[in-house]
Protein chains: 2
Amino acid sequence: MNIYDVSKKAGVSIATVSRVLNGNSNVSDKTRSKVLSAIKELDYTPNIFARGLGLNTMKTIGIMCTDSSDTYLANAVYYAEQTLRSFGYDALLCCTGNDYDNKRKYLSLLLSKRVDGIILVGSQFVSSDPAIDNTYIIEAASEMPIILVNGYLDGENIYCVMCDDRSAVYSSTAKLIESGVKKPVYFYTSTSTSGMNKLQGFRDALSDAGMTPDKKQLHLCTKNISKAKDYLTALYNEAFYFDAVLASDDSLAVGAVKFAYEHSVKVPDELQIIGYNNSVLANCTEPELSSIDSKVEQLSTTAVSLLMQVLSGNSVPKLNTVTADLIKRKTTKF
Amino acid sequence: MNIYDVSKKAGVSIATVSRVLNGNSNVSDKTRSKVLSAIKELDYTPNIFARGLGLNTMKTIGIMCTDSSDTYLANAVYYAEQTLRSFGYDALLCCTGNDYDNKRKYLSLLLSKRVDGIILVGSQFVSSDPAIDNTYIIEAASEMPIILVNGYLDGENIYCVMCDDRSAVYSSTAKLIESGVKKPVYFYTSTSTSGMNKLQGFRDALSDAGMTPDKKQLHLCTKNISKAKDYLTALYNEAFYFDAVLASDDSLAVGAVKFAYEHSVKVPDELQIIGYNNSVLANCTEPELSSIDSKVEQLSTTAVSLLMQVLSGNSVPKLNTVTADLIKRKTTKF
DNA sequence: TTAATGACTGTAAGCGCTTACATACTGCAC
DNA sequence: GTGCAGTATGTAAGCGCTTACAGTCATTAA
């Protein structure tokens, strides 16, 4: 069953069938309807491979992330897929994990699949650590446009959509200080651009308030409820005073809430807590978690729109920013 | 840059290059290495479309789910993708939402993309409601194998991996009753096969204990923390007695925990709560939520393995079952 | 020596589509 | 009637690959 069969049935040439299939204008209404009814009768579907061969596109975008089961990334992937589909594109999902070599390998794999573009979701793809080489992304961008969602990298054919993490953390920290906080603890989970921006926001807020953070107030840690709880418990046991926790991911903030519960520390009176990403988790704890909304949906949809613009040859800004909001719930005084 | 360039560079025919590319045995080591080094020098990548045209496969599997941002489905999708990749297959993600027409539409869309098979993740694709027609799946299966993860449908070329939901809910309910529960409330979220199986488990446990559930003990409700909380609050306000909550999704169980907190109902002493899916949410509440582990990972990896078997022409059982476990935490007495 | 075998390599025919180009036809101004 | 523009359709050349089939060559058995 191919275009030839349809052409025979409709009594026209394959070129005409192809024209009808591709919405080309130069076909008379009579011919068009003959072809369409032949297509319907034969229940014909164009062979996508042959079409791809001719057009050299499959209308497919690769979505890469480290781990699509992570609450935040799952949302980002979801919104990206939905938006892509609304533009008539398919989404090829590729989860790399955090291993650097895997990221490289899978990126070139996607390249070889001739997707039309690639969306890298999550900050984990670009590291600000000078020991980590980001050139694999820059090289890949020479073959097709790459959009970084929540990551920043300068390069030809690379476009970024970022959340203004620094200022979100800055203002949240400033509000904490304003409400009387003296010793906030900050949990960060990655050394990506975005991760470093958040950390910088925290540092700046402290220094603008004339505070110098103790090393123990800054803790790098994996996204894991008990990791955060354990760290705070350790501080508590060694009588290290702290009166607020700010985390770059909600799961760590949940850990802080659990710590407070276990040690009967009153939230928010004795300990204020702010999470990041405003995920489902924020609604699960008691008291409910104040959290910075990093606008995943807006981030993802913007990324896809940008990509569509680039693919249709329009020029778009290389860096695009989305504003984060603090969603106040019950773990903050203000 | 194509296979012809490589063949010229290596001084062999394109057939030989193709043989090397496809790991065909009948190539001498000398020729093979000549070809390989030509490939490396030219940095050649085979054109996937042309290959697809010849082989009529893209080594791609469609993963369909209603909503990949849902915690449970996100995990299922993640494990499916990982397993597929380990078999050298790509994953085309397609989120349909709950709309029936969308499901139909997207399924036929995937069909036209000539994926090699389709994995339907989540129970929402098959309804046991006789008003809902499932034949679109059966028809699609005539074109390529379809695997249902956590759903059941009988049909040619359709394979199912299910969790023994009925017995998991049955035994959990029985344990609740054994521990003194008189009036458990059950929340269910869908009328899919899996959803009905769970409900049946609840009903059977009650009737085997000589109890007849009040209508109010069975509540159909969307996956939403406050929906569950509100319903329980309503029961509470009209003085409808209940001493346990069993939910077909953790989010609803979290709602129950929140209800208990707000009304100072002691958990588990006055109210025992069991969730389903053993998701991150179960670790967020205080007390932590006992939850039935529906073994997403096992479900997904089994589904993919089955599909791989089918694709390589082996015969596999049409219905495969995975055993669920109750993970005991702090919302149950036992 | 000859023929048969087996290992290796090349030739060329597709796969089903798109599209540049060629052709046919129509209507209209002159 | 002639010429021309414009519209509608057909022809055929790819796109880059796989693979059946046809060699070629060296080795071995008869």
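Hydrogens, waters and symmetry mates are skipped; everything else that's a heavy atom, side chains included, is used.
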Separation of dG16(C) C1' from Tyr44(A) OH (nearest whole Å): 7 Å
Base, sugar-phosphate, or nothing for Leu53(A), non-hydrogen atoms under 4.0 angstrom? base
In whole angstroms, how far is the C1' atom of dC15(D) from the CG atom of Asn2(B)? 9 Å
What is the distance from CZ of Phe49(A) to P of dT18(C), rounded to the nearest Å? 15 Å
Quick one: is the NZ or CZ of Lys103(A) closer than 6.0 Å to the six-membered ring centre of Tyr136(A), and within 45° of its axis? no
Atom CZ of Arg19(A) to atom P of dT19(C): distance rounded to whole Å? 10 Å
Of all the nucleotides listed (dC17(C), dT9(C), dC17(D)), which has the minimum atom distance to the side chain of Pro46(B)? dC17(D)
Heavy atoms only, 4.0 Å cut-off, all strands: where does Asn56(B) land among base, sugar-phosphate and nothing? nothing
How many Å lie between CG on Leu55(A) and P on dG14(D), as a whole number? 18 Å
Where each residue is assigned the nucleotide of DNA chain D containing its nearest heavy atom, which of Ile3(B) and Thr31(A) is assigned the position nearer the 5′ end? Thr31(A)
Under the side chain to side chain contact (heavy atoms under 4.5 Å, CB included) rule, what do Arg51(B) and Leu21(B) come out as? Steps first, then yes or no, please. CA-CA 11 Å; Arg51(B) 181 172 254 177; Leu21(B) 248 27; 3.9 Å; yes
Please name the residue in the list Thr301(A), Asn75(A), Val121(A) that meets the side chain to side chain contact (heavy atoms under 4.5 Å, CB included) test with Val296(A). Asn75(A)
The answer to which of Ile14(A) and Arg32(A) contacts DNA chain D further toward the 5' end, by nearest nucleotide, is Arg32(A)
On DNA chain C, nearest-nucleotide positions of Thr16(B) versus Arg114(B): which is more 5'? Thr16(B)
Can you tell me the distance, in whole Å, between the CD1 atom of Ile48(B) and the P atom of dC17(D)? 10 Å
In a check of side chain to side chain contact (heavy atoms under 4.5 Å, CB included) between Ile158(A) and each of Leu148(A), Val126(A), Leu120(A), Ile147(A), which one passes? Leu148(A)
From C-beta outward on Val12(A), which listed nucleotide comes closest to its side chain: dG10(C), dC17(C), dG10(D)? dG10(D)
Counting the atoms with a prime plus P, OP1 and OP2 as sugar-phosphate, which does Ser18(A) contact under 4.0 Å by heavy atoms, base, sugar-phosphate, or nothing? base
Rounded to whole Å, the CE-P distance (Met58(B) to dC17(D)) equals 13 Å
Remember a base hit wins even if backbone is also touched, and classify Asn26(A) as base, sugar-phosphate or nothing at under 4.0 Å, heavy atoms. base
Picking from Asn320(A), Leu319(A), Val322(A), what satisfies side chain to side chain contact (heavy atoms under 4.5 Å, CB included) with Met162(A)? Leu319(A)
Side chain of Val27(A) (C-beta onward), nearest among dC17(C), dG10(C), dT9(D): dT9(D)
Measure OH/Tyr4(A) against P/dC17(C) and give the value in whole Å, please. 13 Å
Proximity to the side chain of Asn47(B) - top-ranked nucleotide from dT11(C), dA12(D), dC17(D): dC17(D)
